[in-house]
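Take a look at the structure set out below.
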Amino acid sequence: MRQILVSIIVSLAIAPIAIAGDDNKVNEQWQQCVLAAVDSFPQNGGYYTGAKPNDTFKKTAWKGLHQAYKMVLADPRPVIDLQLAQPSFCSSATYLALVKALLLWDKDQKISREAWLAMKPFVGIVDNMNPQGYYQSDGEGFWGRMNGNGPAVAVTIHELKAGYNFTAYRGAKTNACKEEPNERYLSDDEWRALPIWQQAKPGDFMKIFWNRDDDSGAIIGDNGVKGDLQEHGHSVIFLGIDSEGFVTYWSSNGPGENPAEMGYGIGRCDKTKIQRVVFTRITNPEKFDNVKKMPPKHTNQYIYDLNGKKHSTTKELKKHCGIK
C-alpha cells in the first residue's frame, strides 16, 4: 500500500491546493502520521458489522477492537495490534487509524494516560478497565462518538478543539428531501468543479454521504422510523484525487458480494457518487488529551440522537461541526 500512497501524494503535489477552514492551518507532520498509520494496516481481513459470530466470521469486529487496543490501568499508553482488528467496518477502521496516528505523533507524551484510557472502545466485554461491561452506543464516550452516524468524527474533533471541518452539499433531487423550497441540485459539472475537492489534503478525515437513486444520500442520521429514507454513508480517510478525477480514500470497505475478502483497503469513486461530504482536518493533536474528560458514558447528545431518534438539517450539522 505504501507505493500507492506515495504515488497519490506525488500526483497531488504538482497541483495547487487551497487551504480550507476557519483558521487556514495545516499540520503537515500530523497528516504524514495519518498516512503512515494507514500504511501499517493489514489488507482486507473481512468486512462485518454484525453483533454475533457466524459461519463466515468466527469473531466480530467489536471483539477485534477490544483485543487490538491493548492497555491495562497501569500502562502509560496502549499498544495497538492491528492484526487482531479483523474483521472490521468503516468507522472502526478510521477510529483505529486515528489512534495509531496519535501513537506515532505523540513522541513527547503530550497525551496523558487518562486520555488513552478513555479512548479505549467499550464494547460490552468485561475486563479490569470495564468491570461494568459497558457498551458504548453512538455518541457515548470517545469510541461512541467516533462510531456515530452523520458527521460524528467532525463533531468530535470540534468538541475537542483539535482541528476544523469543511463541507459541501450537492442538494436534494426530490421535493420530499429538500430542506428549502428553492434548493437546487447541482449538475455533475458543477459538483465536480467545486473548490472543496482541491481544498482537501491527503490525511484528512472524510465522511461521505452517498448519492443514491432514492435521494437518501441527502439525509443526515437515522430517525428510527420504518419506511423513512435514512442516511447512507461511509467514514474514510481522504487520499487525493487521482489522474481520472476520482476521489481516492482508505477505509474498511464493504459489504459487497464477498465480505470475507473485503475490509481494509483503498477505494475510489466518481465525485458524482457523493451527495454530501464533510472533511475534518486535525491541526492540534495535543488536544486529544481532552478525551480524558469523556468518560465511558459521557454523551454527545447530537451524535446520540442521530442513531434511531432523529434526522439532522444541514444547518444543525454546520453548527455542531463549527462550520460557518
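- The residue from Gln230, Lys309, Glu231 that alone fulfils the side-chain hydrogen bond (donor to acceptor under 3.5 Å, both in side chains) condition with Asn223 is Gln230.
- Annotation for Phe122: hydrophobic cluster partners, listed by chain and number, are Tyr134 (ILVMFWY side-chain heavy atoms under 4.5 Å, direct or chained).
- Note on ring orientation: taking the six-membered ring where Trp is involved, the planes of Trp250 and Tyr264 are parallel (angle under 30°, cut-offs 30° and 60°).
- Residues Glu179 and Thr314 bring a donor and an acceptor atom of their side chains to less than 3.5 Å of each other.
- Between the side chains of Gln83 and Asp81, no donor N or O sits under 3.5 Å from an acceptor N or O.
- Ring-plane geometry between Tyr69 and Tyr95 is classed as parallel, the angle between the planes falling under 30 degrees on a 0 to 90 degree scale with a further cut at 60.
- Side-chain atoms of Tyr185 and Asn211 include a donor-acceptor pair closer than 3.5 Å.
- For the pair Lys59 and Phe57, the cation-pi test (distance below 6.0 Å, angle within 45°) is failed.
- Atom CG of Asn182 has more than 12 neighbouring heavy atoms from other residues, nucleotides or ligands inside a 6.0 Å radius.
- At least one donor-acceptor pair under 3.5 Å links the side chain of Trp191 to the backbone N or O of Lys271.
- Crowding of Glu28 atom CD: a count of heavy atoms from other residues, nucleotides or ligands under 6.0 Å exceeding 12.
- Remark: Asp106 engages Arg77, Lys110, Ile111, Trp116 in a side-chain contact (heavy atoms from CB on, under 4.5 Å) (not counting sequence neighbours).
- A donor-acceptor pair shorter than 3.5 Å cannot be found between the side chains of Gln86 and Tyr48.
- Among all heavy-atom pairs drawn from Glu159 and Asn300, the shortest one is OE1-ND2, 3.1 Å.
- Classification of the Phe288-Phe142 ring pair by plane angle, with boundaries at 30° and 60°, yields perpendicular.
- Using the six-membered ring where Trp is involved, Tyr302 and His320 have ring planes that are parallel, under 30° apart on the 30 and 60° scheme.
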- Message: Let's go through Lys292 and Asp289 carefully: what are the C-alpha distance in whole Å and the side-chain angles of both, what is the deciding distance for salt bridge (Lys or Arg N to Asp or Glu O under 4.0 Å) to 0.1 Å, and is it a yes or a no?
- Response: CA-CA 6 Å; Lys292 64 190 177 188; Asp289 190 53; 2.8 Å; yes
